[in-house]
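One structure below.
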Amino acid sequence: MKKRNIVLGVIGFDCHAVGNKILEMFFAREGFGVTNLGVMVSQEEFIDAAIETDAGAILVSSLYGHGLIDCRGLREKCVERGLEDILLYVGGNLVVGKTPFPEVEGKFREMGYDRVFSPDVDLSEVAAFLRMDLDERTGRRH
Amino acid sequence: MNELVAVIDIGSTYTKGALFSPAGDGLEVRGQGVCPTTREDLGEGFFRVLGELARTAPGGAAVGDFPVRFSSSAKGGLRIAAVGLVPDLTLQVARLAAWSAGGKIVGDSSYRLTAERMKGLLEGDPDILLFVGGTEGGHEKYILANAEIVAASPFAGTVVYAGNSAVGPRVLEILRDKRTVPADNVMPQIGVVSTDSARGAIQRIFLDTIVHGRGLDRVREFCGSDPKPTPLAVFDLVSLISRSRADWDDFCVVDPGGATTDFYSTGEAFRGAEGVLLKGIREPRVKRTVEGDLGLRVGAESLLAEAEEFLREETENRPFSFEALKDHAAAMTAGPSKGPGGPRELEMDRLLCEAAAATAVLRHAGSLEAVFYPAGRVFIQQGKDLRPCRRLIGTGGFLSRHEMGDGLRRAFSRARSRVRGEKIPLIPEDFRFYRDTLHLFPLLGSLVDDFPREAAACALSHLTEETRTSE
C-alpha cells in the first residue's frame, strides 16, 4: 500500500526548531512518509512540497504568536494550486495572550484548517485523527 | 609510439585537436591542429586535423600509431525540453540535469502539460524530452496526464523519464510508441538532487541517436571509441579537478562562445552559517548552466537585448557609442563566421564578452535576502553561493586568446551593485583570473577516464594567471 505522505514545518518567521524535530521523528515512527521543511517555512513552500510528494496533509506549526497572520490564506492558496482535498492541521502557541482555546480553534477552523491543536496535545491523539481523516478522504475520492 | 594520445574536438565552427604524451604526473602538449569544421562530412575535417597532428609528432608518427579520442558539439548542443511539476523543485532539478549532461534547454513546462504547450515545446526542436515530476512515492496525477499529452504529440525524439518511479511502468506503457529511456528520479525527496542516472541516459541517447551520419560513424570506427558531447567533456574535467585537487575545490569556469555562454562552478552550494537558511533545492557541487541567448557572434544581438542596461552604462566610458555597438552586434549575428575586424571591433567584442560573463554568472548564482522579524534578522539563501570561489578560469575561443581578467572583475562588481531590491547575488566577490591559453579544456575532458591524474595536472599547468593591472 502506498505510504501516507505528510508535510511538516514551522510557518512564517518562526525559528522554533526543537518541537519540529520531535514531530518529524514521531510521525516517521508512526509510519507516515514525512517531508519536514524545517523552520521559517512560507505557505508556497508547504504547497510546492505537498504537490511533489502527493501529501494527504500539511501539518503547520506556529509557536511565536503570529499564527493568525501567517496561517491566513493557506487554504485558499491550496485550492488555487489544485490541492482542494488536502487536510490542513495547525498547532502550537497560535496567538499571543490568554485567548481561550475554543475561541482560537474557532478562528482557525474558519480559515479552513481541519484540526487545531493546543501546545499540550498528546501526539498519539494527533496521529489517530490523521489516520482517521486520511481514511475518510481516501474513501471519498473513490 | 604508444606514449602518444590525440584528442580532437569537432565543434560547430572549428575542428581542433592536440597531441599529448604522458610526462611525469601530467601530460605534455606535443602538437596542435585546427581547421574549419566540414559540415557536410565531419570526418573530412577530423582526418585533416589528425594528419596535421601526426606530422607534428616528435620524430614523426603515422596516423594509426596512437590512440585518438574525440568529442563533438552535436550541432551546437544537445537540445532538451524539460517537463516537470513544480517550477522551483522538479523542473529546476531537470534543468540542472540537462545542463550537467552537456545539454541546452530549448523549452520547459510545469504542472499540467497541455497540447498547446506541447506544441510550443516542439517549436524548440528538442532531441530529448526530459520528463520528471514527483518525489519517490509522491505525485502521480499530473505525470500520467502529461504522459498522455506527450504520447499524442508528434515528438519524434527520445523521452527520458526520470520522475516518480511508482508510475514509471505506467508512463512507459503510455509512451510505448515513442523511444523511451527510464532513469532514476532526479528528485527522490524534497530538495534532494540526484541527476547522475538522468545524465547517463542523456549521454547514451547522444551516442545512439544524435552522433550518427555526416561522417561521424567513420570517425567512431577509426577511434574505436565513442565521442563525448563537448560540454560534457568540459563538465567532466571540471568535476575531476575539483574532486582530485584539494587546492582547487572551489572555482568557476566561463566560456563565452559565439552562440551561447557556458558557466561552471564547483564547491558546496550552501555552507551554512549562523542565521542563514537555505530554501528550495540544495544545488550540486558541480553545476553547469548554459545561456542560449548570450553569445558573441550569432548570439550577439540577443546578448545586447539581455544586457542592454549594462551595455548602455558601459559605453558611456568607451570610445564607441551604444549605437555603434548595436550595429556591430547586428553584423556579428548576420555573419557570425567573421572574426574581429580592427582594434575598435575587438574593443566591442571585449565589452560583449564582459556582458555575457556577467549576465551568465548572475543567472548561475543564487541569492541572499535579509528578512527582519520581531526577534532579529535572518538571511534566506536560494540557489548556489559562489562567493567563496576565488578563482575564475576563462576558456573558449575568445577568452583563451584575450586578456580579460580586469574587465571581468569590473563587470562582476558592476553586476553586483546594479542588482536592485533586497536580494544580494551570490557571485564571486574577488577572484584570480586564469586563461586556458591553449584552449585545452574541451580536449582534456576526453581524457579524464584514461588519464585522470594527468589530465587534471595538464589542464592546471597550462593555465596562465593574469596579473592585475588595476586596483
Side-chain angles (χ1 to χ4, degrees), chain A residues 1-17 20 24 28 31-58 62-67 69-70 77-78 80-86 93 96 138 141-142, chain B residues 84-94 110-112 132-146 162-167 185-194 270 272 274-282 369-382:
Chain A
M1 203 191 110
K2 192 174 158 166
K3 212 171 188 177
R4 294 195 275 199
N5 293 338
I6 60 172
V7 173
L8 291 183
V10 186
I11 200 165
F13 295 128
D14 192 343
C15 319
H16 290 85
N20 170 258
E24 176 181 356
F32 293 97
V34 180
T35 295
N36 183 11
L37 300 174
V39 299
M40 300 191 83
V41 179
S42 68
Q43 295 191 354
E44 286 69 23
E45 281 177 86
F46 277 114
I47 298 171
D48 284 350
I51 293 173
E52 293 279 9
T53 60
D54 196 20
I58 295 175
S62 176
L63 293 111
Y64 71 157
H66 301 264
I69 293 174
D70 291 343
K77 281 199 189 107
C78 283
E80 287 281 356
R81 304 270 306 270
L83 296 174
E84 46 281 279
D85 268 343
I86 199 158
N93 297 312
V96 184
T138 323
R141 253 189 265 169
H142 292 291
Chain B
L85 193 55
V86 174
D88 287 342
L89 294 173
T90 45
L91 180 57
Q92 174 62 7
V93 181
S110 57
Y111 301 113
R112 196 184 282 279
V132 305
T135 52
E136 281 307 278
H139 193 99
E140 301 182 354
K141 196 173 76 177
Y142 285 170
I143 302 170
L144 294 170
N146 291 352
N164 180 6
S165 69
V167 284
N185 194 338
V186 291
M187 193 183 81
Q189 296 169 37
I190 292 293
V192 176
V193 176
S194 167
F270 174 66
E274 190 61 36
V276 185
L277 283 173
L278 177 71
K279 291 294 179 186
I281 56 172
R282 181 183 282 266
E369 188 174 7
V371 174
F372 295 89
Y373 68 108
R377 181 181 68 170
V378 286
F379 288 96
I380 306 245
Q381 180 184 326
Q382 276 175 310

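Only heavy atoms go into these numbers, but all of them, side chains included; no hydrogens, no water, no symmetry mates. Every value quoted in this text rests on a predicted model; they were computed, and no experiment measured them.
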Note to self: Are there over 12 heavy-atom neighbours, none belonging to Glu369(B), within less than 6.0 Å of that residue's CD?
What the structure shows: yes
Checklist line | Heavy-atom contact with chain A under 4.5 Å, split by part of Leu277(B) | finding: side chain
Check: Out of curiosity, Thr53(A) OG1 to Met187(B) CE, how far, rounded to the nearest 0.5 Å?
Finding: 8.5 Å
Next item on the list: Under the side chain to side chain contact (heavy atoms under 4.5 Å, CB included) rule, collect the residues that match up with Ser194(B), sequence neighbours excluded.
Entry: Pro188(B)
Notebook entry, point to check: Do any pairs count as a salt bridge (Lys or Arg N to Asp or Glu O under 4.0 Å) and have a residue in residues 133-144 of chain B, sequence neighbours left out, and if so which ones?
Noted result: Lys2(A)-Glu140(B)
Margin query: Can you list the residues of residues 36-47 of chain A that sit under 4.5 Å from chain B, counting heavy atoms only?
Written below: Leu37(A), Val39(A), Met40(A), Val41(A), Glu45(A)
Check: Who wins among Ile143(B), Val378(B), Ile190(B) for the most heavy-atom pairs under 4.5 Å with chain A?
Finding: Ile190(B)
Check: Does the side chain of Thr135(B) reach to within under 4.5 Å of the side chain of Thr35(A), using non-hydrogen atoms?
Finding: no
Margin query: Whether the side chain of Asn5(A) engages the backbone of Gly137(B) through a donor-acceptor N/O pair (distance < 3.5 Å, no angle test) should be reported.
Written below: yes
Item checked: Contacting moiety of Asp48(A), where chain B heavy atoms sit under 4.5 Å -> both
Note to self: Which heavy atom of Glu52(A) sits nearest to which heavy atom of Val86(B), and what is that distance?
What the structure shows: OE2-N, 3.1 Å
Next item on the list: Could you list the residues that satisfy side chain to side chain contact (heavy atoms under 4.5 Å, CB included) with Leu63(A), not counting sequence neighbours?
Entry: Val10(A), Asp14(A), His16(A), Ser61(A), Asn93(A)
